[in-house]
Amino acid sequence: MGSGFLSRGFRGRPRDPEEAARLPPGQYLTRDFPVLSAGPTPRSATARWDFVVAGAAEPTRRWTWDEFRALPSETITVDIHCVTKWSKLDTVWEGVSVDTLLDGVETSAQHLVAHCDGGYTTNVPLADVTGGKAWVAFAYGGEPLDPEHGGPARLLVPHLYFWKSAKWVRGLELVDPDRPGFWESLGYHNYGDPWREQRYAGD
Ligand SMILES: Nc1nc2c(c(=O)[nH]1)N[C@H]1C(S)=C(S)[C@@H](COP(=O)(O)O)O[C@H]1N2
Ligand SMILES: [Mo]
């Protein structure tokens with residue numbers, strides 16, 4: 001999507017039935033980690049970084065980088081699926097569960113919009129980022145997250161197409177009603193379930 005550069009390399013078919021069963025319809029396997037960004041990579045110094053939970057949230061929350069990194073985190077091993085049709089199996093991340101970030105926050109909203117450095121947004125139902133389904137990830141493959149892949153921190157919502165995994169994420173805005181984000185306003189599917197091949201609005 002966007003001006004993304006898709007590196008040449010392994011474009012694989014599943015090696016065995018177990019891998020095949022993990023590949024959503026229309027996807028192929030890659031061992032590279034393609035970079036797909038709609039604009040330039042923002043460089044955000046962690047000294048000035050903060051993360052906020054706001055909107056229809058009571059109370060609102062804010063963490064500095066050090067406070068965020070002091071929150072309990074976990075290692076997450078998941079398959080990821082980009083709407084441009086690559087999938088990558090068993091990616092290993094470290095991050096803070098969105099459950100932890102929303103702990104103690106009262107809301108009547110059922111949706112949220114993730115906000116990023118650079119202005120990118122994406123919307124997700126609250127139910128899709130709670131219950132151990134989403135993280136704010138700060139490491140990939142045991143290393144701090146590369147800026148190109150969203151460092152210092154990105155949203156990770158692996159069960160939806162990867163455009164929902166907002167890079168350089170800085171906050172979650174609880175919204176009611178739902179409000180489409182960047183790609184969702186440009187004709188991509190509002191929800192983006194790779195298993196139902198929800199690539200575009202109307203799919
Ligand atoms: N802030 C921001 N987040 C973003 C994007 C973007 O352009 N800006 N692109 C999305 C898309 S379309 C995809 S497929 C993934 C790509 O992540 P990657 O570059 O780490 O592979 O990031 C998503 N998150
Ligand atoms: Mo994408």
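Ligands are counted one by one from 1 in listed order, and the atoms in each one are counted from 1 as well. All residue numbers refer to positions in the sequence shown, counting from 1.
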Show the atoms of ligand 1 that are less than 4.0 angstrom away from any heavy atom in [X].
X      : answer
Cys116 : 1 (N)
Ala38  : 6 (C), 7 (O)
Ala166 : 3 (N), 24 (N)
Phe33  : 20 (O), 21 (O)
Ser37  : 7 (O)

Close approach, [X] and ligand 1, non-hydrogen under 4.0 angstrom:
X      : result
Gly150 : no
Trp86  : yes
Gly118 : no

Would you mind finding which of Arg170, His149, Arg154 brings a heavy atom closest to atom 17 (O) of ligand 1?
Arg154

Just to be sure I read this right, does ligand 1 sit under 4.0 Å from the backbone of [X], its side chain, both, or neither, counting only heavy atoms?
X      : value
Tyr120 : side chain
Phe182 : neither
Trp168 : side chain

With no hydrogens and no angle check, just 3.5 Å: does a side-chain donor-acceptor pair link Ser37 and Glu148?
no

Do Trp135 and Glu94 pair up side chain to side chain, a donor and an acceptor below 3.5 Å, judged on atom types alone?
no

If we only count N/O pairs under 3.5 Å, is [X] in contact with ligand 1?
X      : result
Pro34  : yes
Gly39  : no
Ser165 : yes
Lys167 : yes
Cys82  : no
Trp183 : no

Would you say Glu67 has more than 12 foreign heavy atoms packed within less than 6.0 Å of its CD?
yes

Are there more than 12 heavy atoms of other residues, nucleotides or ligands under 6.0 Å from atom CZ of Arg43?
yes

Is there a donor-acceptor contact under 3.5 Å from the side chain of Asp16 to the main chain of Glu18?
yes

Ignoring hydrogens and angles, tell me if any N or O in the side chain of Arg199 forms a donor-acceptor pair with the backbone of Val83 under 3.5 Å.
yes

Does Thr91 have any side chain to side chain contact (heavy atoms under 4.5 Å, CB included) partners at least two apart in sequence or in another chain, and if so, which?
Val78, Ile80, Lys88, Trp93, Tyr140

Across all chains, not counting sequence neighbours, the side chain to side chain contact (heavy atoms under 4.5 Å, CB included) partners of Pro40 are none

Before we go on, tell me: are the rings of Trp49 and Phe68 under 6.0 Å apart, centre to centre?
yes

Any idea how Phe33 and Phe162 line up, ring-wise: parallel (<30°), tilted (30 to 60°), or perpendicular (>60°)?
tilted

Is Arg22 paired with Asp90 through a side-chain N to carboxylate O contact shorter than 4.0 Å?
yes

